[in-house]
There are 2 protein chains.
Amino acid sequence: MNSADRPTNAFYAQSGGVTAVINTSACGVLETARRHPDRIGKVFAGRNGIIGALAEDLIDTSLEPDADIARLRHTPGGAFGSCRYKLKSLNEHRAQYERLIEVFRAHDIRYFFYNGGNDSMDTAWKVSQISEKLGYPLVCVGIPKTVDNDLPHTDSCPGFGSVAKYVATSMREAGYDVASMSATSTKIFVLEVMGRHAGWITAACGLASEAAGEPPHILLFPEIPFDQTAFLARVQDCIERYDYCTIAVSEGLHDASGKFLSEMGLKDAFGHSQLGGVGQVVAQLIKDKLGYKYHWALADYLQRSARHIASKTDLDQAYALGRAAVELALAGRNAVMPGIVRLADVPYRWEIGVADLKDIANVERKMPRDFISADGLHITDKCRAYLAPLIGGEDYPPFRNGLPDYVRLKNISVPRKLGEFQI
Amino acid sequence: MNSADRPTNAFYAQSGGVTAVINTSACGVLETARRHPDRIGKVFAGRNGIIGALAEDLIDTSLEPDADIARLRHTPGGAFGSCRYKLKSLNEHRAQYERLIEVFRAHDIRYFFYNGGNDSMDTAWKVSQISEKLGYPLVCVGIPKTVDNDLPHTDSCPGFGSVAKYVATSMREAGYDVASMSATSTKIFVLEVMGRHAGWITAACGLASEAAGEPPHILLFPEIPFDQTAFLARVQDCIERYDYCTIAVSEGLHDASGKFLSEMGLKDAFGHSQLGGVGQVVAQLIKDKLGYKYHWALADYLQRSARHIASKTDLDQAYALGRAAVELALAGRNAVMPGIVRLADVPYRWEIGVADLKDIANVERKMPRDFISADGLHITDKCRAYLAPLIGGEDYPPFRNGLPDYVRLKNISVPRKLGEFQI
């Protein structure tokens with residue numbers, strides 16, 4: 001049976017932490033697939049990611065009207081549900097991989113689109129290997145997604161540009177607030193952002209500072225071990241120059257011994273250490289050592305779901321990568337991931353490139369040292385040149401009753417054809 | 001000397017915590033004053049609020065071009081600096097009040113505009129009393145401002161509508177995120193918002209929930225003593241129905257004995273109790289008692305400075321109240337505050353009313369009990385009808401290089417005419 005003779009089905013799943021634009025990639029996949037009814041029959045989505053495939057819990061996206069699919073472009077979160085479930089090696093999780101092929105076979109699925117980060121590209125690569133081993137014809141294409149911006153072989157990752165725009169905007173706004181209050185009240189403001197291993201999101205906060213003295217004044221990266229003395233000296237210097245000091249800090253900030261600052265500070269009522277809250281630890285350190293009143297904010301999920309202030313560049317890339325994934329699959333390109341290739345910083349130009357999944361899996365891209373200033377406490381012009389285009393452009397969602405009008409799909413299940421499977 | 005014969009000067013100051021739209025009121029004051037050069041000479045702003053008047057540290061706003069004054073409409077924070085400094089009774093702070101009059105006399109200031117909350121209206125009232133006592137001709141007009149929405153004699157307060165729009169938008173967006181993740185990861189999301197005594201901001205989060213099951217599922221108000229048993233039962237009920245639970249909590253949540261929940265939880269490395277973080281206390285309680293994984297966010301200053309998602313209704317009212325203050329002053333109305341009078345909920349209609357400062361000072365408006373559901377954990381339809389119009393409409397700031405383009409004024413000082421004064 002030649003898959004070119006008749007349309008076969010596709011599987012699409014969302015993986016890991018969701019973003020403001022992962023549904024935009026889904027929109028790109030689904031709208032492109034719908035333009036090729038001669039090649040792709042239905043697109044089935046995994047309910048809650050790859051778990052949906054393992055459990056044969058598939059969503060029939062063909063039952064959603066075109067208008068609702070179009071609304072995915074401006075809806076944050078994961079429309080079909082995502083999951084944190086890592087498929088291990090082919091040996092350890094062989095039953096799982098075989099189950100995937102079994103489900104795909106039962107539902108005539110010949111295209112596998114996996115929308116996620118490092119782990120997911122690794123999974124997609126392994127699925128392509130097992131399908132080959134089992135002789136099942138499957139085209140596997142990864143679609144990059146991660147707010148952490150830590151995937152290699154793509155200039156940037158969908159999801160990151162929108163977080164970047166949100167945190168830089170928030171930092172600038174809070175900076176205007178603190179500057180107003182410093183004479184008699186708050187002098188210190190700390191914003192804690194995501195980033196366990198890579199400081200890209202903290203770096204993006206730095207874009208809010210376009211001239212000397214503008215917030216944020218200090219950036220604390222996981223790539224730079226925390227140096228308390230140098231940090232406090234810089235805080236004091238800011239107070240003397242500007243009367244206030246604003247700081248962005250990555251959740252993964254740690255000291256020279258590798259110990260997370262978030263583990264050093266707070267204990268709950270039972271004496272257990274509390275993870276999270278590095279922002280408060282840093283702020284309280286300033287209060288204890290220098291005596292200044294602080295405020296701190298924890299953006300948490302707000303930063304990665306803030307579709308209302310998404311980057312148009314990010315949205316365009318998220319959509320383009322979803323579309324490219326389908327086009328690559330239709331061209332028979334197996335075990336690949338479309339990525340962003342930068343052609344120029346100013347004016348910003350980019351195109352879609354293609355990388356092999358085997359080269360991407362589990363390689364983490366941290367901030368280059370020359371993106372961080374010599375003192376380790378801010379970004380360089382080189383970093384600005386890289387980051388600036390990624391937050392370019394606004395693309396507001398429609399509003400209804402004063403609030404963003406996001407879509408909820410019907411998410412109707414495909415009838416099961418197989419027995420239970422213990423995940 | 002009759003003030004109608006020639007133009008005299010005005011003083012304008014911002015007081016207390018700033019908002020996304022306090023500069024919009026400033027814009028209304030300054031643009032309106034500029035249209036009456038026959039009556040108002042220059043408007044001097046207090047640098048860092050009333051402290052600027054006491055210290056004779058005045059800003060000459062006439063040196064700012066019209067275009068920059070217009071940009072105040074879309075700039076958050078307090079453009080002239082604000083302060084937390086409460087003038088006490090006329091007896092206790094008599095020297096301060098007399099100093100104000102001395103500074104006003106030295107700079108030919110006959111109009112006093114004070115933009116703030118409860119305390120500020122009290123101060124404006126006292127300034128009008130002392131000027132009368134001292135026989136100095138001064139027209140005192142208050143301009144309401146507070147994100148807390150707790151001023152009486154105005155249907156709503158500028159600043160609140162924009163916070164309300166921000167928190168409801170953020171809650172909806174985070175809700176889409178958590179719903180995607182609940183199958184294998186986070187089931188609980190808690191957003192901590194401002195509100196020590198009044199739950200208006202938490203109530204506004206409730207607008208994001210338009211149908212049963214939509215986030216937020218639970219609201220915790222300072223008006224309702226925290227009932228741990230009822231709360232945990234409701235959380236468990238949400239998990240069973242929806243597989244996740246989203247919660248908004250006021251920073252001022254307390255138990256039946258009046259003890260703040262924020263004081264119950266975390267201790268720093270030295271064993272000191274940490275104020276703030278009631279969001280984490282509530283989330284950790286769920287983890288300890290029910291075992292669900294949580295995320296929490298602390299909006300802090302982000303919520304009150306988020307001009308990028310301000311409410312157009314709020315902006316229109318902030319501007320109109322600034323303009324009305326000048327028009328009232330020119331009409332010789334002393335010791336008053338313009339306020340919002342609601343004419344209809346749907347379609348929303350409002351007009352400017354006038355209240356006497358003596359009736360406003362230090363009266364705090366909490367949530368009426370019939371705005372809170374019988375179980376104390378959500379808002380009623382009556383509350384929705386009140387809140388909904390306040391978040392109506394979008395009015396995006398201009399963007400430059402992917403970020404909101406806010407103005408920084410030159411803030412040039414007026415030469416001093418008096419000696420030092422010990423504040």
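Residue numbers begin at 1 in each chain, while the letters A, B, ... track the order of the sequences. These values consider heavy atoms only, across backbone and side chains, with no hydrogens, waters or symmetry-generated copies.
Every residue two or more places apart in sequence or in another chain that forms a side chain to side chain contact (heavy atoms under 4.5 Å, CB included) with A:Tyr244 is listed here: A:Val178, A:Ala179, A:Ser182, A:Pro215, A:His217, A:Tyr242, A:Thr246.
Contact of B:Leu191 with chain A is made through the side chain alone, with heavy-atom distances under 4.5 Å. Using a 4.5 Å cut-off between heavy atoms, A:Leu390 makes no contact with chain B at all. In this structure, the portions of A:Leu403 lying under 4.5 Å from any heavy atom of chain B include both its backbone and its side chain. With a threshold of 4.5 angstrom between heavy atoms, A:Ser82 approaches chain B through its backbone and through its side chain. The contact between B:Arg172 and chain A is made entirely by side chain atoms (from C-beta outward), counting heavy-atom distances below 4.5 Å. Contact annotation for A:Val190: neither backbone nor side-chain heavy atoms come within less than 4.5 Å of a heavy atom of chain B. At a 4.5 Å heavy-atom cutoff, the contact between B:Phe189 and chain A is made by side-chain atoms alone. For A:Tyr348, no part lies near chain B; criterion is any non-hydrogen pair under 4.5 Å. Residue contact with chain A, scored on non-hydrogen atoms closer than 4.5 Å, is absent for B:Gln303. Of the two parts of B:Val167, neither the backbone nor the side chain holds a non-hydrogen atom closer than 4.5 Å to a non-hydrogen atom of chain A.
Sparse packing is recorded around NZ of A:Lys312, with 12 or fewer heavy atoms of other residues, nucleotides or ligands lying under 6.0 Å away.
With chain A as partner, the option from B:Ala208, B:Ala388, B:Ala164, B:Ala306 having the largest number of non-hydrogen pairs under 4.5 angstrom is B:Ala306. Of the listed residues B:Glu210, B:Arg84, B:His295, the one with more heavy-atom pairs under 4.5 angstrom with chain A than any other is B:His295. Between chain A and the options B:Gly81, B:Gly175, B:Ala297, the largest number of non-hydrogen pairs under 4.5 Å is found for B:Ala297. Taking A:Gly392, A:Ser311, A:Pro76 one by one and counting their heavy-atom pairs under 4.5 Å with chain B, the maximum is reached by A:Pro76.
A cation-pi geometry, defined here as NZ or CZ lying under 6.0 Å from the six-membered ring centre and within 45° of its normal, holds between A:Arg408 and B:Tyr176.
For the side chain to side chain contact (heavy atoms under 4.5 Å, CB included) criterion with B:Phe80, the lone passing option out of B:Leu409, B:Asn48, B:Asn115 is B:Leu409.
Checked by atom type, the side-chain pair A:Tyr406/B:Glu173 shows a donor-acceptor distance below 3.5 Å.
Scanning residues 15-23 of chain B against chain A with a 4.5 Å heavy-atom cutoff picks out B:Gly16, B:Gly17, B:Val18, ordered by number.
Listed here is the closest heavy atom pair of B:Leu298 and A:Trp296: CD2-O, 3.2 Å.
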